[in-house]
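Below you'll find the structure, written out as structure tokens, and then a few comments.
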Amino acid sequence: MKASVGTKGLIFNEPLLWEKGVDGRRGFSMPTRDVDEAPLDESIRGDGPQFPDLSEVDVVRHYTHLSQWNFGVDSGMYPLGSCTMKYNPKTNERQAALSGFTGAHPLLPDQLSQGALQLLYDLERYLAAVTGLPAVTVQPAAGSQGELTGMLVFYAYHKSKGQPRTKVLIPDTAHGTNPASAALCGFKSVAVKSNEKGILDPANISGLMDEDTAGIMVTNPNTLGLFEENIIEIAEIVHNKGGLVYADGANMNAIMGMVNMADSGVDVLHLNLHKTFSTPHGGGGPGAGPVCVTAALEKFLPVPRVVKKENEAYSLSWNHPDSVGRLHAFYGNFGILVRAYSYIRSMGAGNLKKASQLAVLNANYIKENLKDTYDLPYDRACMHECVFSDKNQNQYNITTLDIAKRLMEYGFHPPTIYFPLVVHGAIMIEPTETECKNDLDAFIAAMKAIDRETRENPELLTEAPRIPKVRRLDETLAARKPKLAG
Amino acid sequence: MKEISELTFPDDLRYTKDHEWAKQDGDTIKIGISAYAQDQLGDIVFVELPAVGDTFDKGGEFGTVESVKAVSELYMPMGGEIAAINEALEDTPESVNNAPYTDGWMIEIKPGDPDEYNALMDKAAYLDMLKGQES
């Protein structure tokens, strides 16, 4: 197929369900009541929720129409940098839908939940093998909650040494949520500038690391898609002052099975199962943010812990007095954990490593093919993503936002834009390993065509997008006057 | 984004390398961000300002400005105590875009060392710096 993948098509306007409802419509018929009406206690009487009356077909068409406005990894390439929008194999869904899992009740006693507990236990062991960090909790429900867990472990560790600390070092190329997680735990974040190569300079860390600093939160590879080559030296500096090293695993897709995080000096690491381990994401969840730590920090992990003693059944263990407590009701987002388990088992160790290798290869292929067209602020071998800027297009008054909007009309989800902040007008592209060469070539061709339009027909960019259901949203009005209720 | 020649920079203000402006008004100094800064940031949606009575050193971070693209820090052109803040920005942050030197002012300070004002860039020096950044 030579034509651009983005084209026209019939989609439907769709009102809100409240506007669509008609009094008296029903999704199904209830059997006639054959018991006497019982009076309700006055204290629990009141108006019911304002739900519209709808038939089954009303509801199915409503959501089908909305889904037709949508773009997901099942529609096409979604190179949203640092989000790892890889394809999610359907076998994961099949395993998660097994009735033994979907029917498991979280309040069943341990002896009736052996399969579910074994899955949690084994998944922890697999994640330990992938990262090199021996102790794992799969309880945190999102990357942000994993970060929070990590910071709680930092706090608990220093408290156990009798010397609580107040600051955390955070590089300017760290994942954007890190300062918020540190602040939520009461730490003051200290910004660390990266050097002209786009990575951390040990001398900088030496100057900032002191005995009131709990440690550092490093994203490796960082949000420029570059590997922090000095991580071992940096970890030594931090450890020598009694601090801990936290690694944000947002970009773990670049280094599965390639880097032993424990050997690189990391004490605490969170993973995003919804990125690296192919569980679905986008649209707000649910996710899962397991945390992996060194043996010395295991006692601080959240309870309950899943344990297995030799010749005994799997069980949940609550007796961990140094634990930071529990982070989530029950044991985390279990259905997501089943999907990640399914992914790891169906790939196997060798293929996980190969996935990372191909993710890095794909990003470098895009980087090399576009670096003569788009400004590449850090021209080095990248990891799983590459960051361009709009500098070459600015002279025609075209910005990153225009490029991103136009790319939609070529049938691609836009990359991450205006992040990381260290690159002005950043365009952050992460193709992942699941795009084949043909798709990468189509993406590169679209980006080059957009650059030509910048010079020859700039209105195509400034007025984009024209094809999608909605054109440019008024982001400013949405931010200034948010309307958060229906 | 606009060309520098399309932006206004009043003669009676002083400027910083971080694109704040300062204006002497009797014993106090009014502070905001320059037309160049607001143009680079794009539509501003939120301005976070300090409390009256807070004190900061020169170069200290006194607040943040959030646009649809990013959050940026605001730095004190001179050290001093916050005498007043522009509370209207809470409801109308767009004033920073529409009128950066008048309705879009951010804070008024009582300077610790009034001489720091004269060390700031005048319009000519600021324009030279901006032109240097463009090339």
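This is a predicted model, so every value here is computed, not measured. Reminder, nothing fancy here: chain letters follow the sequence lines and each chain counts from 1.
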- Query: Is A/K391 atom NZ crowded by more than 12 heavy atoms from other residues, nucleotides or ligands, each under 6.0 Å away?
  - Reply: no
- Taking atom CD of B/E6 as the centre, report whether more than 12 heavy atoms of other residues, nucleotides or ligands fall under 6.0 Å from it. yes
- Message: side-chain contact (heavy atoms from CB on, under 4.5 Å), that's the test. Do B/D43 and A/R480 meet it? Break it down for me.
- Response: CA-CA 10 Å; B/D43 290 335; A/R480 282 179 185 161; 4.2 Å; yes
- Item | Heavy-atom contact with chain B under 4.5 Å, split by part of A/T476 | both
- Query: Quick one: what part of B/E66 sits under 4.5 Å from any heavy atom of chain A, side chain, backbone, both or neither?
  - Reply: neither
- Task: Pull out the residues in residues 175-198 of chain A that come under 4.5 Å of chain B, heavy atom to heavy atom, sorted by number.
- Result: none
- Could you tell me the separation between the CD atom of B/E94 and the CG atom of A/L477, rounded to the nearest 0.5 Å? 9.5 Å
- Query: Around atom CD of B/E61, are there more than 12 heavy atoms of other residues, nucleotides or ligands at under 6.0 Å?
  - Reply: yes
- Message: Can you confirm whether more than 12 heavy atoms, excluding those of B/K23, are under 6.0 Å from its NZ atom?
- Response: no
- Task: State whether the number of non-hydrogen atoms from other residues, nucleotides or ligands found under 6.0 Å of A/N457 atom CG is greater than 12.
- Result: yes
- Is it the case that more than 12 heavy atoms not belonging to B/D12 sit under 6.0 Å from its CG atom? yes
